[in-house]
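Worksheet: the structure to be examined is printed underneath.
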Amino acid sequence: MKPLSLLIGILIILGVTIKTIKAEEHNKRQKERNVTTQVPVNEIKQYLSHILEQRTSSNVINKRENLLEKKKNQRKIRIKGFQNKDILKRNKNHLQKQAEKNFTDEGDQLFKMGIKVLQQSKSQKQKEEAYLLFAKAADMGNLKAMEKMADALLFGNFGVQNITAAIQLYESLAKEGSCKAQNALGFLSSYGIGMEYDQAKALIYYTFGSAGGNMMSQMILGYRYLSGINVLQNCEVALSYYKKVADYIADTFEKSEGVPVEKVRLTERPENLSSNSEILDWDIYQYYKFLAERGDVQIQVSLGQLHLIGRKGLDQDYYKALHYFLKAAKAGSANAMAFIGKMYLEGNAAVPQNNTTAFKYFSMAASKGNAIGLHGLGLLYFHGKGVPLNYAEALKYFQKAAEKGWPDAQFQLGFMYYSGSGIWKDYKLAFKYFYLASQSGQPLAIYYLAKMYATGTGVVRSCRTAVELYKGVCELGHWAEKFLTAYFAYKDGDIDSSLVQYALLAEMGYEVAQSNSAFILESKKANILEKEKIYPMALLLWNRAAIQGNAFARVKIGDYHYYGYGTKKDYQTAATHYSIAANKYHNAQAMFNLAYMYEHGLGITKDIHLARRLYDMAAQTSPDAHIPVLFAVMKLETTHLLRDILFFNFTTRWNWLKLDNTIGAHWDLFVIGLIVPGLILLLRNHHG
């Protein structure tokens, strides 16, 4: 307890505060997202310090009792006229229970208020206000609030990342049965972040977390059994874990449309990363706004869609979405009319739920042949909203919309055939439409395809296919939002916070997060792992990403074995990985590396002709490879020519000539250095 209290005290004294963001160094978007606030962050820290001391020194129940005793002493409750000790005792117990209930209710109320503020927050200030409420609720012994505060300490949600303090809170919560804490401890153990690296212990934590209903633990176990990570590979067990999570995700999608999250790859070149297509640049957004206000209908609809579901790093804003849709609808856009109908059908902060108005806008869009409008009318008839329930009409509209390629309509058609809603069940047709919709990423279509493969309904049963499909559905869960927070943390220079978030997602089986985590570790900018652990952990993550089909990761594994990063040097293994990347993914870098190894006979039999062919293939595959290939081929041809001249039919006579010994191992580079200036001089004289 004392070391931790001392640590927290030092933390507060040193004033580890939220980074102040200077206005002149940032654009307007960064101001809105990272605005420095006057919320008493130190007050949050004091609460955290107090909570940690309380959690380590005494049980929350004892704390409640002490506070209750104090309140009773202050009030000096006098019970007159009751001499009977039993009655007195009963009254004391009743008052104690009542006060305890009030105390607990107050903590619950503060936690609920914090959740509401956090959900509605659009600025850093509002988020900090939410965490202040969580801190107060946690101080009153609210376990869910304590989980929130532990997460905040682990991920650095409000600028203060303290993994040691987070671990102590998690350990205390785990003892009280918190499945979320058990999952967090499993994650930290699996990486050795702030704890001893222990995969067996991690597996135990995940098992307990899963048994308690934690869906992250269930996803992690599903991925481990699918890939055979520290457990025997077992598709059926993986299927059972993934199905539990997928059932929940599908249920939420049936109630409301999910929000897809952009997954930015940090492995892209810096110039591409700064203007990544997954995240809308603030200046471009301002330009789009300008065009929209000038009357560009297509831009109006696009901005409306982005704000409707919160895409490309923009906040979900129903009022802005409605604003742009109304402008576009006024200009005659059928898409805008359909989206307005959708908003009224679902109801939100900007418009009340109204089936009549939804029918009106859907009809306007459908009359123009719009697929979204046709699908909307189909939904109204299918559910009997604002119109009499009519499966025949619903089927007609769904078919029209599906013919135009609208994936939601294709799914609805598949569902009608699957469930036999108003028509005969036909699993073959159901599979056909589910498959068509799944090609556009329709999540419920993917879910029902997985269900069909898992049970062998309408198709030959395939556990592997079912698991892969269920995994895709599970990865659409709300936890995927960490991709955005991790990316923004990385861009803002908060590398440790970014790494922890990506690492958790990587543990859950997200391939993009695995490659991003490995990339950050390889950059050596993170401080949460010991130096000797960085390359072995990065290699592990590259390997997991490569197994899931990442060609860049496959090349990286080859590099690690070639140079001996995180493992011993092994040219043969390096060549094997380069071959996979070259043959399976047609990766230019892998072709170039493999050509070099064939040229020099590193780990494989020397073959000049195959090296030349691979160099040519690399140049044909990628324009970026042209210049490196030019120099490599020039070197190859020159050295090959020299060797032919010097050694052709004179091997026995010229044994005494050992260029490797006289000039050095890289004599070929030395010769090229002499030849190139000679060629330049010849060309100059020729032009002269």
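Everything quoted here is computed from the prediction, not taken from an experiment.
A donor-acceptor pair under 3.5 Å is absent between the side-chain atoms of Q161 and the main chain of L153, judged by distance alone. Although no hydrogens or angles enter the test, the distance criterion places a donor-acceptor pair under 3.5 Å between the side chain of T207 and the main chain of L203. Proximity of a side-chain donor or acceptor of H626 to a complementary backbone N or O of A619 within less than 3.5 Å is detected. The backbone N or O of V512 sits nowhere less than 3.5 Å from a side-chain atom of Y502 that would complete a donor-acceptor pair. Checking side-chain atoms of N587 against main-chain N and O of Q589 turns up a donor-acceptor pair under 3.5 Å. Between the side chain of D496 and the backbone N or O of N527, at least one donor-acceptor pair lies under 3.5 Å. At least one donor-acceptor pair closer than 3.5 Å links the side chain of K471 to the backbone N or O of G509. Looking only at distances, no side-chain donor or acceptor of S217 sits under 3.5 Å from a matching main-chain atom of G213. Looking at Q199, its side chain does come within 3.5 Å of a backbone N or O of S190 through a donor-acceptor pair.
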Walk me through whether N183 and Y206 qualify under side chain to side chain contact (heavy atoms under 4.5 Å, CB included).
CA-CA 5 Å; N183 178 73; Y206 289 143; 3.8 Å; yes
CA sep, side-chain torsions, deciding dist, call: E481, Q501, side chain to side chain contact (heavy atoms under 4.5 Å, CB included)
CA-CA 10 Å; E481 292 170 5; Q501 293 178 77; over 6 Å; no
Please test F483 against Y510 for ring-ring contact (aromatic ring centres under 6.0 Å, His included), starting from the C-alpha separation and ending with a verdict.
CA-CA 10 Å; F483 271 104; Y510 289 90; 5.3 Å; yes
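Residue pairs meeting the disulfide bond (SG atoms under 2.5 Å apart) criterion with at least one partner in residues 499-531, sequence neighbours excluded, do not occur; the list is empty.
Open room surrounds OH on Y435; 12 or fewer heavy atoms of other groups in view lie less than 6.0 Å from it. Within a 6.0 Å sphere centred on NZ of K144, heavy atoms belonging to other residues, nucleotides or ligands number 12 at most. Around the NZ atom of K533, the shell of radius 6.0 Å holds more than 12 heavy atoms that belong to other residues, nucleotides or ligands. Within a 6.0 Å radius of CD in E532, more than 12 heavy atoms belonging to other residues, nucleotides or ligands are found. More than 12 non-hydrogen atoms from other residues, nucleotides or ligands lie less than 6.0 angstrom from OH of Y571. For E236, the CD atom is densely surrounded, since the number of other residues' heavy atoms within 6.0 Å is greater than 12. Other residues, nucleotides and ligands contribute more than 12 heavy atoms inside 6.0 Å of the CZ atom of R461. Shown here is F208, whose CZ atom has no more than 12 heavy atoms of other residues, nucleotides or ligands within 6.0 Å.
When all heavy atoms of A618 and A588 are compared, the closest pair comes out as CB-O, 3.6 Å. The shortest non-hydrogen separation linking A513 to A506 is CB-N, 3.5 Å. When every heavy atom of Y560 is checked against every heavy atom of E522, the shortest pair comes out as OH-OE1, 2.7 Å. Closest approach of S438 and L449 over heavy atoms only: OG-CD1, 3.5 Å. Closest of all the heavy-atom pairs between I520 and A526 is CG2-CB, 4.4 Å. Of all the heavy atoms in Y615 and Y596, the pair that sits closest is OH-CA, 3.4 Å.
With a 4.5 Å cut-off on side-chain heavy atoms, L504 and F155 count as touching. In this structure, the side chains of R265 and E511 come closer than 4.5 Å at one or more pairs of heavy atoms.
When the options L173, L185, D151 are evaluated for a side-chain contact (heavy atoms from CB on, under 4.5 Å) with K180, the one that passes is D151. Of the residues L594, T573, L614, the one that meets the side-chain contact (heavy atoms from CB on, under 4.5 Å) test with Y578 is L594.
In this structure, the ring of F187 has its center less than 6.0 angstrom from the ring center of Y191. You'll find the ring centres of Y490 and Y487 outside the 6.0 Å limit. Centroid-to-centroid, the aromatic rings of W542 and F519 stay 6.0 Å apart or farther.
Note that CG of L239 and OH of Y470 are 6.5 Å apart. Values are rounded to the nearest 0.5 Å.
The closest side-chain donor-acceptor pair between Q548 and Q514 falls under 3.5 angstrom.
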